[in-house]
There are 2 protein chains.
Amino acid sequence: MSLADAFLSPRQVADVIGVSESSIKRWCDEGLLETIRTAGGHRKIPTGELLHFAREQGYQIAGVEAALRRPASSHLPQPYGVMADQLAEALLLGQSLTARQLIFDLFWAKHSVSVLCDNVIAAAFRVIGERWSCRQADEYQERRGCEIILRILLELYPYLQPVLADRLAIGATITGDNYKLPSAMAELTLRAARYQTQNLGTSLPIRSLVRAVQDLHPQIFWLSVSHLVEYETFIEEFAMLAAACAESGTVLIVGGRALTAELRSKLVYSAYCDTMQQLNALATSLIRSPDSTSRSESLTRKQSFNPTKKRGPF
Amino acid sequence: MSLADAFLSPRQVADVIGVSESSIKRWCDEGLLETIRTAGGHRKIPTGELLHFAREQGYQIAGVEAALRRPASSHLPQPYGVMADQLAEALLLGQSLTARQLIFDLFWAKHSVSVLCDNVIAAAFRVIGERWSCRQADEYQERRGCEIILRILLELYPYLQPVLADRLAIGATITGDNYKLPSAMAELTLRAARYQTQNLGTSLPIRSLVRAVQDLHPQIFWLSVSHLVEYETFIEEFAMLAAACAESGTVLIVGGRALTAELRSKLVYSAYCDTMQQLNALATSLIRSPDSTSRSESLTRKQSFNPTKKRGPF
DNA sequence: ACAAAAGCTCGTTTTGACCGTTTAGTCTAG
DNA sequence: CTAGACTAAACGGTCAAAACGAGCTTTTGT
């Protein structure tokens with residue numbers, strides 16, 4: 001557990017995934033595994049990179065991982081709708097292991113986290129929402145399912161590629177909005193896009209978010225608005241947040257089902273995202289063209305990332 | 001972070017970049033790392049030089065702060081107060097790695113999770129609360145710290161003893177109470193006491209909690225009440241929950257700073273816990289004498305687990 | 001059969017563990 | 001407040017184990 005495990009030698013990596021040391025070295029040199037070199041020229045592989053590589057190549061990692069995701073489950077690529085239904089079922093019943101298996105199988109099958117969030121997790125919660133409105137599910141079942149998913153999402157982090165230096169994204173939800181899941185998915189998506197992330201939590205006053213932007217100067221600020229209590233004050237205070245973001249060169253990305261088109265017309269922001277895939281596309285494009293984060297342009301040019309009318313997970 | 005971190009020992013540098021102390025010393029002597037020598041001949045590496053070297057070699061040093069925390073100069077078990085202060089500091093600065101290292105160090109040193117929750121985590125948040133009331137800390141810092149701790153606590157689960165069969169504990173917070181941390185600590189404590197746990201989440205209507213008890217028939221139901229909005233209806237609805245617990249032979253354990261002595265006098269429950277250590281003692285005693293959960297006795301005999309007046313973490 | 005990928009060999013270089021000795025820092029007694 | 005005692009950590013040096021690179025052999029997949 002100590003930090004000493006941050007880097008591994010080729011021998012260690014070879015043992016873990018069960019190939020020869022030579023292969024590891026070759027792969028390192030070919031760039032399949034991101035490695036650093038010691039002063040003397042020895043390769044060092046960051047543990048995170050190993051986990052990412054293992055998923056990429058489909059290698060099973062000896063030990064805990066193998067037990068966690070036994071290949072027993074069906075390898076047939078089921079359509080997302082079916083997976084979402086299965087996940088919804090498992091979550092309603094509180095079967096956290098089944099849910100985890102399901103998510104990990106998909107993740108291991110190299111589905112991107114943004115796709116996973118949109119097509120499976122958000123979809124599952126839409127199913128759960130329908131059941132709930134039909135009185136076929138109780139509130140505690142939905143909430144328990146939410147807690148389960150939140151934990152599973154956290155378990156994915158170690159398998160993501162290492163973060164890029166100087167790429168910070170922070171985010172939160174506003175006062176009165178206690179929906180953790182959309183914000184958690186946004187965080188995961190941005191982390192998968194190699195941003196270092198800090199989740200400030202739910203139900204924070206915009207006043208405090210402004211200070212966070214001023215203190216941390218993130219490249220991205222995500223704001224998830226699933227529930228809105230004070231319409232007027234929100235519009236007012238949101239302007240302060242936008243101003244702070246403009247000031248620090250931060251891209252302000254908003255999302256959430258409480259942001260109706262009518263409300264959005266009264267807000268100034270950098271981008272609106274309906275889905276995690278849009279968020280992913282946006283985050284990736286920002287890395288490729290870092291100049292678009294320049295102070296002068298970040299808030300003036302609204303980006304449109306809303307091609308579909310399908311209700312998003314935010 | 002203490003100020004005296006201008007210079008590092010070879011050991012510290014070795015920990016940060018993940019090589020042996022010998023290598024660091026060799027590199028120093030070869031001039032790859034510029035070093036100062038003390039009068040007695042010990043090497044001292046300026047932090048700036050380390051950062052420069054790491055950048056040169058491509059090392060990602062995420063855990064500088066964490067490693068810098070090591071020099072504590074003595075393996076003497078620091079008093080909990082000091083640890084709590086250090087943890088509060090790290091959390092306020094958003095240094096998740098430092099916080100994690102700190103918690104894990106204590107955990108590895110075989111401190112029980114309940115002690116850890118009470119004397120370090122809860123204590124740290126009291127410190128943060130004081131800072132906040134003195135305007136020395138912002139709300140987002142407190143909330144970010146809370147998110148960080150929640151994740152660290154989740155990381156501990158894999159290291160706990162397996163659960164005992166047929167020992168289920170579920171819990172939640174009531175509508176309007178969005179304090180996740182006390183409930184999360186309660187869950188961890190019960191899990192450490194070998195209960196299978198299900199956290200239903202925050203801000204749930206008691207009506208739904210009743211249904212959860214009826215559906216799941218847990219041995220324990222924990223209810224954390226940190227914030228109370230509707231005093232009267234709470235008293236009323238709580239009686240329903242107590243009745244449901246009595247019905248299913250569930251031990252109803254309550255806690256939280258919103259439960260004043262005056263309010264408690266109007267409630268019927270199995271036990272009130274001020275601290276996680278009390279909760280732990282209670283949970284353990286229930287396993288040893290499972291007959292005490294029998295339907296007839298569970299709610300009639302109130303247990304007193306409140307020997308101190310110290311404000312608890314609930 | 002054949003090309004590409006994986007694994008192996010070998011002489012050289014780097015690393016990390018070991019160990020007896022010295023320094024730094026803390027604690028206690030005068 | 002200083003002196004001496006004591007412990008943890010750093011020192012220097014040695015040496016076996018491990019990693020390096022380059023070229024060669026075996027396996028795999030079509």
Side-chain angles (χ1 to χ4, degrees), chain A residues 2-47 49-50 53-54 56-62, chain B residues 1-47 49-50 53-54 56-61 63-64 66-79 81-83 86 101-102 105-106 108-109:
Chain A
S2 67
L3 284 159
D5 300 335
F7 298 96
L8 304 171
S9 72
R11 175 76 260 150
Q12 292 174 287
V13 175
D15 287 343
V16 169
I17 65 181
V19 297
S20 79
E21 187 185 324
S22 300
S23 296
I24 299 295
K25 291 195 286 191
R26 196 181 328 107
W27 294 341
C28 288
D29 298 345
E30 288 169 3
L32 283 104
L33 265 161
E34 249 175 60
T35 52
I36 58 163
R37 295 283 190 142
T38 67
H42 285 199
R43 299 173 184 85
K44 292 279 171 183
I45 299 103
T47 49
E49 180 60 23
L50 164 61
F53 172 83
E56 203 77 5
Q57 304 292 325
Y59 280 104
Q60 289 200 20
I61 294 186
Chain B
M1 192 180 318
S2 60
L3 332 155
D5 293 333
F7 296 94
L8 305 171
S9 72
R11 172 79 261 149
Q12 292 174 286
V13 175
D15 284 342
V16 170
I17 66 182
V19 296
S20 74
E21 187 184 328
S22 301
S23 295
I24 298 295
K25 291 193 288 190
R26 197 178 326 106
W27 295 344
C28 287
D29 298 346
E30 288 169 5
L32 286 131
L33 267 161
E34 240 174 69
T35 51
I36 307 287
R37 292 281 190 153
T38 66
H42 284 200
R43 299 174 185 84
K44 291 289 165 187
I45 300 104
T47 49
E49 179 61 20
L50 165 61
F53 175 81
E56 204 80 1
Q57 305 288 326
Y59 283 102
Q60 294 215 6
I61 34 178
V64 225
L68 295 185
R69 203 183 55 66
R70 287 212 159 208
S73 73
S74 65
H75 270 193
L76 295 173
Q78 302 223 27
V82 176
M83 301 302 278
Q86 289 181 4
Q101 184 78 43
L102 228 144
D105 279 353
L106 285 168
W108 281 143

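All figures in this text were calculated on a predicted structure; none of them were measured in a lab.
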### Task
Report, as a single string ordered 5' to 3', how protein heavy atoms within less than 4.0 Å touch nucleotides 3-16 of chain C: B base, S sugar-phosphate only, - not at all.
---BBB-----SBB
### Task
Compare side-chain N and O positions of B:Arg11 against OP1 and OP2 of D:dA10 and report whether any pair is under 4.0 Å apart.
no
### Query
Can you tell me if the side-chain N/O atoms of A:Arg37 get under 4.0 Å from OP1 or OP2 in D:dA19?
no
### Query
With distance as the sole test, does B:Glu21 use its side chain to make a donor-acceptor pair with the main-chain N or O of B:Arg11 at under 3.5 Å?
no
#### Entry: Backbone of A:Ser9 reached by a side-chain donor or acceptor of A:Gln12 within 3.5 Å
yes
Might you point out which heavy atoms bring [X] and [Y] nearest each other, and give the distance in Å?
X       : Y       : answer
B:Cys28 : B:Arg43 : CB-CD, 3.8 Å
B:Ile17 : A:Phe7  : O-CD1, 3.6 Å
A:Ala39 : B:Leu32 : CB-CD2, 4.1 Å

### Query
Angle, rounded to 10°, between the helical axes spanning five pairs at each terminus of the helix from C:dA1-D:dT30 to C:dG30-D:dC1?
50°
### Message
Tell me the interatomic distance from A:Asp29, atom CG, to D:dG21, atom P, rounded to whole angstroms.
### Response
6 Å
### Query
Taking CD1 from A:Ile24 and P from D:dG21, how many angstroms apart are they, rounded to a whole number?
15 Å
### Query
Which distance, rounded to the nearest 0.5 Å, do you find between the CD1 of A:Ile36 and the CD of B:Gln57?
8.5 Å
### Evaluation steps, salt bridge (charged side-chain N to carboxylate O under 4.0 Å, His left out), between A:Lys25 and A:Asp29
CA-CA 6 Å; A:Lys25 291 195 286 191; A:Asp29 298 345; over 6 Å; no
### Query
Given B:Leu106 and B:Met83, is the side-chain contact (heavy atoms from CB on, under 4.5 Å) satisfied, shown in steps?
CA-CA 9 Å; B:Leu106 285 168; B:Met83 301 302 278; 3.8 Å; yes
